[in-house]
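None of the values given here were measured: they were computed from a predicted structure. Just follow the structure's listing: the first ligand is 1, and inside any ligand the first atom is 1.
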Amino acid sequence: MSSSTGPYPAGPAPAEGVAPKPARKLLIRTWGCQMNVYDSGRMADILAPLGYAPTESAEEADMVILNTCHIREKASEKVFSDLGRLRETKKARAAEGRQTVIAVAGCVAQAEGAEITARAPWVDIVLGPQTYHRLPEMVARASRAAGAVIETDFPAEDKFDHLPEARAPQGPVAFLTIQEGCDKFCSFCVVPYTRGAEFSRPAAAILAEARQLAANGAREIALLGQNVNAWAGASPDGHTWRLARLLRELAEIPGVARLRYTTSHPRDMDDDLISAHGEIPSLMPYLHLPVQSGSDKVLAAMNRGHKAELYIRLADRLREARPDLALTSDFIVGHPGETSADFEATMRLVERIGFAGAYSFKYSARPGTPAASQPGPVAEAEKDVRLQALQAVLRRQQDDFNRACVGRVVDVLVTGTGRHPGQVAGRSPWLQPVHATGAAPVGAVVSMQLRAALPNSLSATMAHEESAAA
Ligand code: SAM
Ligand code: SF4
């Protein structure tokens with residue numbers, strides 16, 4: 001969860017009759033959540049018509065974008081060490097007469113703005129998550145301007161209206177941002193400050209993007225939002241739809257075999273959404289529903305707006321609606337004021353729910369957030385002890401869940417080839433990586449029997465081979 005860096009699909013080919021722009025290379029490094037992965041793909045889409053093609057190598061990149069995460073201190077610091085290395089690359093390229101544009105995007109850019117160019121004057125562009133639709137203009141200004149271009153405002157125009165309609169093919173699994181920002185102001189979190197107020201894209205725009213993703217080969221669509229289940233969008237019939245209705249519409253799109261959504265807040269799990277889990281077959285039996293703590297006192301200090309009991313009730317109702325539902329969560333240990341009794345309450349909640357996976361973090365003070373000035377800081381050593389204890393239980397629960405899947409025949413979405421020759425790799429309905437010997441095209445949904453739970457994946461056999469052999 002802390003980092004994901006990697007290739008993104010090539011941009012669309014230039015339209016017939018339009019002279020291609022001279023080839024330039026673009027490197028995007030992405031940290032943080034899936035929303036940043038989505039944003040990186042969209043930035044590549046915007047820059048493709050300017051002639052920028054993807055590269056993995058900083059040495060050959062004419063433009064480098066660091067798409068950053070500010071959620072924990074470590075994530076921000078990594079950006080500055082990367083910038084230090086890029087300074088040397090930029091110098092070496094300049095000595096060969098090659099220009100390099102360096103841009104810092106995302107939440108660190110939003111939070112630190114001009115501080116970035118003060119610390120790293122070789123940065124040309126600083127852009128917040130709400131301004132990346134203006135990238136082409138910023139690149140042009142950066143090439144002309146003597147100083148850096150800094151755009152970290154929250155512009156009145158909707159960035160989604162200014163993004164190219166065409167999206168590069170993303171493969172069988174595609175992300176689609178439907179909601180941004182957050183009005184919940186949890187004590188520890190920078191998101192309301194870096195991503196701004198809650199905003200829901202209109203249903204028609206989401207449905208159009210989903211149809212296009214499906215036409216480009218997407219079989220699984222993951223809807224994204226900092227508070228995705230708070231989505232309340234204008235609908236084509238003039239009403240406001242909530243997420244359950246949107247999911248029902250998306251499920252009708254030909255080719256869309258699987259739907260997911262992340263990340264959700266317990267307070268926004270409405271009755272219709274809970275029912276949708278039992279009613280929409282393509283809605284995967286998997287939900288990431290962060291609880292953060294099992295102590296009501298800490299939940300109040302965190303300003304989460306719910307008690308542990310609400311979370312337990314939600315889990316029970318979701319499992320009633322969809323008995324094979326796997327729940328995953330986020331936890332923070334060592335929030336200011338958390339005592340060992342509070343931590344024990346978190347451990348009890350974990351035992352009561354039984355998670356299929358989780359992310360857990362030590363509380364990290366973020367400047368400007370309310371928790372940073374709350375009394376009762378927890379010592380680092382104590383945070384370490386609590387995190388280890390929590391992770392041991394969560395790891396055991398994840399292993400138990402994976403082992404309980406062995407023997408089941410499940411649909412696996414094929415996403416590529418396995419590590420060994422003759423293998424296919426894919427993912428189960430519960431997002432577990434699965435590999436099996438055999439052949440199947442990428443994007444196929446294949447019935448497989450899960451055979452063994454390995455530390456980070458499940459091995460399987462193709463179910464049709466089983467029946468052929470029987
Ligand atoms: N919106 C989601 C929610 O309400 O649960 C979470 C979004 S946040 C990007 C992802 C996770 O990072 C949080 O669930 C929390 O566990 C963790 N996190 C956020 N701020 C943190 C901080 N200051 N210290 C440690 N972990 C933090
Ligand atoms: Fe951050 Fe809380 Fe909003 Fe999630 S709900 S993004 S943790 S403020």
Enumerated ligand 1 atoms positioned under 4.0 Å from heavy atoms of Thr263: 2 (C)
Within a distance under 4.0 Å of any heavy atom of Lys362, pick out the atoms of ligand 1 and give their elements.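 What qualifies from ligand 1 is 24 (N), 25 (C).
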Can you find an N/O atom of [X] closer than 3.5 Å to an N/O atom of ligand 1?
X	result
Ser264	no
Gln226	yes
Asp330	yes
Arg72	yes
His265	no
Arg304	yes

Nearest neighbour of atom 19 (C) of ligand 1 from the list Ile71, Asn36, Leu289, on a heavy-atom basis: Ile71
Looking only at protein heavy atoms, which one is nearest to atom 4 (Fe) of ligand 2, and what is the separation? Arg304 NH1, 4.3 Å
Counting only heavy atoms from other residues, nucleotides and ligands, does the tally under 6.0 Å from NZ of Lys74 exceed 12? no
Between Arg42 and Tyr132, is NZ or CZ placed under 6.0 angstrom from the six-membered ring centre and within 45° of the ring axis?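 Output no; distance or angle outside limits.
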Exercise: identify the closest heavy-atom pair between Ala61 and Leu27: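 That closest heavy-atom pairing would be CB-CB, 3.8 Å.
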Could you tell me which non-hydrogen atom of Ile65 sits nearest to which non-hydrogen atom of Ala105, and how far apart they are?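 It is CG2-CB, 3.9 Å.
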Are Ile332 and ligand 1 in contact, using a heavy-atom cut-off of under 4.0 Å? yes
Does Lys184 have a non-hydrogen atom less than 4.0 Å from ligand 1?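 No, that is not the case, since the closest heavy atom of the residue is not under 4.0 Å from the ligand.
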Report the C-alpha distance between Arg386 and Ser340 in whole Å, list the side-chain angles of each, state the deciding distance to 0.1 Å, and finish with yes or no for side-chain contact (heavy atoms from CB on, under 4.5 Å). CA-CA 9 Å; Arg386 292 181 193 172; Ser340 3; 4.3 Å; yes
Specify whether Phe355 and Phe331 have parallel, tilted or perpendicular ring planes, treating 30° as the upper limit for parallel and 60° as the lower limit for perpendicular.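 Perpendicular: the ring planes of Phe355 and Phe331 meet at over 60°.
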Hey, what's the ring geometry for Phe401 with Trp430, parallel, tilted or perpendicular (30° and 60° as the breaks)? perpendicular
Just jot down the salt bridge (charged side-chain N to carboxylate O under 4.0 Å, His left out) partners of Arg319, sequence neighbours excluded, or say none.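 Salt bridge (charged side-chain N to carboxylate O under 4.0 Å, His left out) list for Arg319, sorted by chain: empty.
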How would you list, by chain and number, every residue that makes a salt bridge (charged side-chain N to carboxylate O under 4.0 Å, His left out) with Arg419, sequence neighbours excluded?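 By the salt bridge (charged side-chain N to carboxylate O under 4.0 Å, His left out) rule, Arg419 matches no residue at all.
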Work out how many protein N, O or S atoms lie closer to atom 1 (Fe) of ligand 2 than 2.8 Å.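 Considering protein N, O and S only, atom 1 (Fe) of ligand 2 has 1 within range.
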Just to be sure I read this right, does ligand 1 sit under 4.0 Å from the backbone of Phe188, its side chain, both, or neither, counting only heavy atoms? both
Is a side-chain donor or acceptor of Arg258 paired with a backbone partner of Leu283 at a separation under 3.5 angstrom?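 Not confirmed, Arg258 side chain does not pair with Leu283 backbone.
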When you look at His277 and Tyr261, which way does the ring pair (Phe, Tyr, Trp, His ring centres under 6.0 Å) test go after all the steps? CA-CA 11 Å; His277 277 274; Tyr261 59 93; 5.6 Å; yes
Counting each atom of ligand 2 from 1 as listed, which ones have a heavy atom of His265 under 4.0 Å away? 5 (S)
Gap separating the CZ atom of Arg408 from the CG atom of Leu458, nearest 0.5 angstrom: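 Spacing of CZ (Arg408) from CG (Leu458) equals 11.0 Å.
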All side chain to side chain contact (heavy atoms under 4.5 Å, CB included) counterparts of Arg366, not counting sequence neighbours: His70, Glu73, Ser76, Val190, Ser364, Thr369
